[in-house]
Novice: 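Structure incoming, see below.
In listed order, ligands and their atoms are each counted from 1.
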Amino acid sequence: MRCKRCRSKPVVLKLPRHHTALCADCFDHYVIDQVGRAIRHYRMFRREEPVLVAVSGGKDSLGLWDLLDRMGYRTTGVHVQQGIDGYSRDSETTTRAFAEARRLPLVVHDLAREYGGGVTAMAEASRRSACSACGTVKRYAFNTIGRELGFHVVATGHNLDDEAARLLGNLLHWQVDYLSKQSPALPSSHAKLVRKVKPLFRLTEREMAAYAVLRKIEYVIDECPMSHDANSLQYKAALNQLEQHSPGTKQFFYLEFLRRQPLAGVGAAAEEVVLNECVRCGEPTTGTLCGHCRVVEPLRQARPAETVRQHEGPPAASVAPMVVDWDS
Ligand code: SF4
Ligand SMILES: [Zn+2]
Ligand SMILES: [Zn+2]
């Protein structure tokens, strides 16, 4: 089969949701175009603005880093080492190898070194699910490290499947507060909060996997062992079933939500929230103790003092984040 765009080279990927099938070169062009459209439409960052890219070692985040670098943006990666046996070591090694091969700067934030235990220990001590603890601590680290290093924006590798699954979950449980915050670009609502953007929201998981293969990106294929209890996998499976039956459903579901957001007044609620400073770490929170401190404090208290790095006052991630710059 010949590519439907250039009509000369063989097809590498069918894109039923766009009624097309593309060769490797045209698919590459398509991916870059989709990311460029996302960045421009949401004014995610300017051409000369440095971008911190949150990288897990998976296809999406490494694909995103590769894309932004190719598109000429000034990027630095940030990787959170979660301390999950085997999986986290592989993720860190893969991320470091990617950065080194491209001579891109990388910050590695090791949770176990910082708090005396990784995500599973934190989850146990705070009686949360691993994913809840992990998500809270990672978001905190991306924000504080970004701010400490002078970035105004953090980009994550969330794709269309992630965002559609999140939307479905929020709707199923009528999480109106979360719906109001679901956007590919979250502006800063406090001097201590950096902007958060998702430049891959127009691309599917399958497309990002194809991009990683075509670009010969070595990524961690194994899912995190904690993901078995993530509801998002069930939502993704349900959406994939609908997509198979009717291509374009997933894209319509999420992109139409974004189109209708301003009409429904969604997004306004987020601006009205009053933020206080956490009594423990000083970071913005709606309550008195922030979510991050609620997750890490029980572990800190449960561990012998000598295994935990003490740092009263400043936020955890503010302790001298190390940037590995391959040019220096
Ligand atoms: S599956 Fe859960 S624990 Fe694993 S990386 Fe994702 S959020 Fe963290
Ligand atoms: Zn082509
Ligand atoms: Zn706090």
Side-chain angles (χ1 to χ4, degrees), residues 1-15 18 20-31 33 54-58 60-61 79-92 95 111 114-115 117-124 126 128-144 156-158 162 165-166 169 190 192-193 214 220 222-234 236 275-300 311-318:
M1 193 200 274
R2 297 278 146 201
C3 171
K4 295 218 175 153
R5 183 169 173 267
C6 67
R7 304 195 182 278
S8 61
K9 288 174 243 160
V11 162
V12 293
L13 197 73
K14 289 183 186 168
L15 300 173
H18 292 303
T20 195
L22 300 174
C23 70
D25 287 346
C26 291
F27 176 68
D28 190 59
H29 181 277
Y30 158 81
V31 172
D33 180 60
V55 274
S56 65
D60 301 298
S61 57
H79 175 77
V80 173
Q81 224 292 4
Q82 302 134 310
I84 299 169
D85 281 347
Y87 172 77
S88 295
R89 247 191 325 276
D90 288 352
S91 304
E92 184 184 342
T95 305
L111 295 184
E114 191 67 49
Y115 303 108
V119 156
T120 30
M122 282 177 193
E124 232 169 79
S126 62
R128 292 177 180 229
S129 71
C131 292
S132 160
C134 179
T136 304
V137 175
K138 275 196 298 196
R139 277 193 299 278
Y140 185 91
F142 296 150
N143 187 69
T144 48
T156 58
H158 294 94
D162 297 323
R166 188 170 164 213
H190 188 281
K192 286 186 168 178
L193 294 176
L214 290 169
V220 177
D222 291 342
E223 293 286 340
C224 169
M226 303 297 154
S227 63
H228 59 265
D229 58 303
N231 285 336
S232 60
L233 292 183
Q234 309 297 328
K236 280 185 183 176
L275 293 173
N276 314 305
E277 295 202 335
C278 169
V279 290
R280 178 70 178 81
C281 72
E283 291 298 304
T285 177
T286 49
T288 47
L289 192 66
C290 76
H292 162 268
C293 290
R294 284 201 300 270
V295 169
V296 303
E297 279 308 306
L299 180 65
R300 276 204 182 115
H311 54 270
E312 297 296 323
S318 74

Novice: Could you tell me the residue and atom name of the protein heavy atom closest to atom 6 (Fe) of ligand 1, and the distance to it rounded to 0.1 Å?
Specialist: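 Protein heavy atom with the smallest distance to atom 6 (Fe) of ligand 1: K138 NZ, 4.4 Å.
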Novice: To the nearest 10 degrees, could you say what angle the Zn ion (ligand 3) makes with SG of C293 and SG of C278?
Specialist: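 Here the angle at the metal atom is close to 110°, to 10°.
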Novice: For atom 4 (Fe) of ligand 1, find the nearest protein heavy atom and state the residue, atom name and distance (0.1 Å precision).
Specialist: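 Answer for atom 4 (Fe) of ligand 1: C224 SG, 2.3 Å.
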Novice: Salt bridge or not between R89 and E92? Use side-chain N to carboxylate O under 4.0 Å.
Specialist: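 Salt bridge absent between R89 and E92.
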Novice: Is the Zn ion (ligand 3) under 2.8 Å from any N, O or S atom of H292?
Specialist: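 Not a single backbone or side-chain N, O or S atom of H292 is under 2.8 Å from the Zn ion (ligand 3).
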Novice: Among all the protein's non-hydrogen atoms, which is closest to atom 2 (Fe) of ligand 1, and how far away is it?
Specialist: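 Going by distance alone, atom 2 (Fe) of ligand 1 is nearest to C131 SG, 2.3 Å.
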Novice: With the Zn ion (ligand 3) at the apex, how many degrees lie between SG of C290 and SG of C281, rounded to 10 degrees?
Specialist: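 About 110° at the Zn ion (ligand 3).
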Novice: Looking at atom 3 (S) of ligand 1, what's its closest protein heavy atom, distance included?
Specialist: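 The answer is M226 CB, 3.6 Å.
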Novice: I'd like to check which ligand 1 atoms, numbered from 1 as shown, lie under 4.0 Å from a non-hydrogen atom of S227.
Specialist: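 Going through ligand 1 atom by atom, the ones under 4.0 Å from S227 are 1 (S).
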Novice: Starting from atom 8 (Fe) of ligand 1, what is the nearest protein heavy atom, named by residue and atom, and what distance separates them?
Specialist: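 Checked against all protein heavy atoms, atom 8 (Fe) of ligand 1 sits closest to C134 SG, 2.4 Å.
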Novice: Quick one: sort the H292 and Y140 rings into parallel, tilted or perpendicular, breaks at 30° and 60°.
Specialist: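 Answer is parallel, since the angle falls under 30°.
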Novice: Distance-only, no hydrogens or angles: does the R280 side chain make a donor-acceptor pair with backbone N or O of C290 under 3.5 Å?
Specialist: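 Absent.
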Novice: If only atom types and distance count, is the side chain of K192 paired as donor or acceptor with the main-chain N or O of G282 below 3.5 Å?
Specialist: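 Side chain of K192 to backbone of G282: a pair is present.
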Novice: Assess whether side-chain contact (heavy atoms from CB on, under 4.5 Å) is satisfied between L214 and L13, documenting all intermediate values.
Specialist: CA-CA 11 Å; L214 290 169; L13 197 73; over 6 Å; no
Novice: Take C224 and I84 through the side-chain contact (heavy atoms from CB on, under 4.5 Å) test and state the conclusion after the steps.
Specialist: CA-CA 8 Å; C224 169; I84 299 169; 3.8 Å; yes
Novice: Distance to 0.1 Å, residue and atom name: give those for the protein heavy atom nearest to atom 5 (S) of ligand 1.
Specialist: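 I find the closest protein heavy atom is Q82 NE2, 3.1 Å.
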Novice: Quick check against the 3.5 Å criterion: does D162 have a side-chain atom that pairs as donor or acceptor with the backbone of S232?
Specialist: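 Checked: no pair found.
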Novice: Between the side chains of R166 and H158, is a donor N or O closer than 3.5 angstrom to an acceptor N or O?
Specialist: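 Looking only at side-chain atoms, H158 and R166 do not form any donor-acceptor pair under 3.5 Å.
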Novice: Can you give me the SG-the Zn ion (ligand 2)-SG angle for C3 and C26, to 10°?
Specialist: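 SG of C3 and SG of C26 make an angle of 110° at the Zn ion (ligand 2), to the nearest 10°.
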